[in-house]
Amino acid sequence: MTQNPMAHLATQAYRGAAVTVPPVRAVIMLLNGTVTYLQKCLQAQGARRFEEGHAHLTRATAILRGLSLHLDPTRGGAVAERLFETYNALIVAALRAYGRPGMRENFLRIMAGVTELRESWEAVDMRARTGSRAGDSPKRG
């Protein structure tokens, strides 16, 4: 078991999702979960439920940590390395912003970044399902 129980739970969630849905869909679902937990963290913080807010932050960062740990740099090369850096930058940004002045604005930027990342994965998923390639242009008629 890992040192952090939340990281272990995130890993288990990723593995469970990966078994029941295609990997790209699992990543999309996990990124949605990250945004949800960050929103809940903001809500709890605003209601002065600090312990609950911290628990939501921990869940959000555990998901991102789980995603970063499941990257395969030997197969993914530069893309996997860049994703690893991105996930870790999001984690550090969330941890640094938590409980500080400007937290709301910083969290909104972090959530926008996670949402953009999720939308990119959705585009990849759509291309994979429709069989089109990155270089293909839509047919006009």
Side-chain angles (χ1 to χ4, degrees), residues 1-47 49-141:
M1 187 157 137
T2 62
Q3 290 179 342
N4 181 346
M6 291 308 293
H8 178 70
L9 291 174
T11 299
Q12 291 303 100
Y14 178 84
R15 287 182 182 157
V19 171
T20 58
V21 298
V24 173
R25 289 299 314 158
V27 170
I28 293 166
M29 291 167 54
L30 290 165
L31 290 172
N32 280 335
T34 301
V35 171
T36 299
Y37 282 124
L38 290 172
Q39 290 170 336
K40 288 180 178 184
C41 177
L42 276 177
Q43 291 168 352
Q45 191 78 358
R49 296 187 314 265
F50 303 116
E51 210 170 295
E52 180 185 334
H54 186 266
H56 291 307
L57 173 66
T58 302
R59 288 181 184 104
T61 57
I63 290 171
L64 293 172
R65 175 71 62 215
L67 287 169
S68 74
L69 293 175
H70 282 86
L71 294 168
D72 184 356
T74 58
R75 288 181 53 200
V79 173
E81 288 178 30
R82 184 68 180 131
L83 279 170
F84 182 84
E85 292 169 3
T86 300
Y87 291 140
N88 285 299
L90 290 165
I91 292 166
V92 170
L95 293 173
R96 283 188 176 162
Y98 181 73
R100 294 212 165 90
M103 176 183 160
R104 179 173 232 26
E105 295 77 22
N106 288 329
F107 266 45
L108 292 175
R109 280 195 295 273
I110 294 164
M111 288 186 286
V114 174
T115 300
E116 186 177 336
L117 191 56
R118 185 204 65 220
E119 289 169 354
S120 297
W121 281 113
E122 287 172 340
V124 169
D125 184 45
M126 183 61 74
R127 281 195 183 112
R129 285 190 283 135
T130 61
S132 62
R133 296 184 196 140
D136 292 349
S137 61
K139 294 182 181 179
R140 296 184 179 171

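From a predicted model like this one, the values you see are computed outputs, not experimental measurements. In this chain, residues are counted from 1 in sequence order. In what follows, every heavy atom counts, from backbone to side chain, and hydrogens, waters and symmetry copies are set aside.
Each salt bridge (Lys or Arg N to Asp or Glu O under 4.0 Å) pair with one or both residues in residues 24-36, not counting sequence neighbours, appears once here: R25-D125. Listed by first and then second residue, the salt bridge (Lys or Arg N to Asp or Glu O under 4.0 Å) pairs that reach into residues 91-102 come to none, sequence neighbours excluded. Note on residues 73-90: pairs passing salt bridge (Lys or Arg N to Asp or Glu O under 4.0 Å), not counting sequence neighbours, are R82-E85.
Proximity of a side-chain donor or acceptor of H54 to a complementary backbone N or O of F50 within less than 3.5 Å is not detected.
Taking all atoms of both residues into account, the shortest heavy-atom contact from L30 to I63 is O-CG2, 3.4 Å. Minimum heavy-atom separation, L71 to F84: CD1-N, 3.4 Å.
Qualifying side-chain contact (heavy atoms from CB on, under 4.5 Å) partners for L95, counting only residues two or more places apart in sequence or in other chains: L57, T61, I91. For R49, the side-chain hydrogen bond (donor to acceptor under 3.5 Å, both in side chains) partners are E52, not counting sequence neighbours.
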Extract all donor-acceptor atom pairs below 3.5 Å that involve side chains of residues 36-46 and protein atoms in other chains or at least two apart in sequence.
unit_1	atom_1	unit_2	atom_2	d
T36	OG1	N32	O	3.0
Q45	OE1	Y98	OH	3.2

Exercise answer: donor-acceptor pairs, residues 107-117 side-chain atoms, under 3.5 Å, sequence neighbours excluded:
unit_1	atom_1	unit_2	atom_2	d
R109	NH2	N106	OD1	2.3
T115	OG1	M111	O	2.7

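When each of N88, T86, T34 is paired with L64, the side-chain contact (heavy atoms from CB on, under 4.5 Å) condition holds for T34 and for no other.
Expressed to the nearest 0.5 Å, how far CD of E119 lies from CD1 of I28 amounts to 10.5 Å.
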Apply side chain to side chain contact (heavy atoms under 4.5 Å, CB included) to L83 and L67, showing your working. CA-CA 9 Å; L83 279 170; L67 287 169; over 6 Å; no

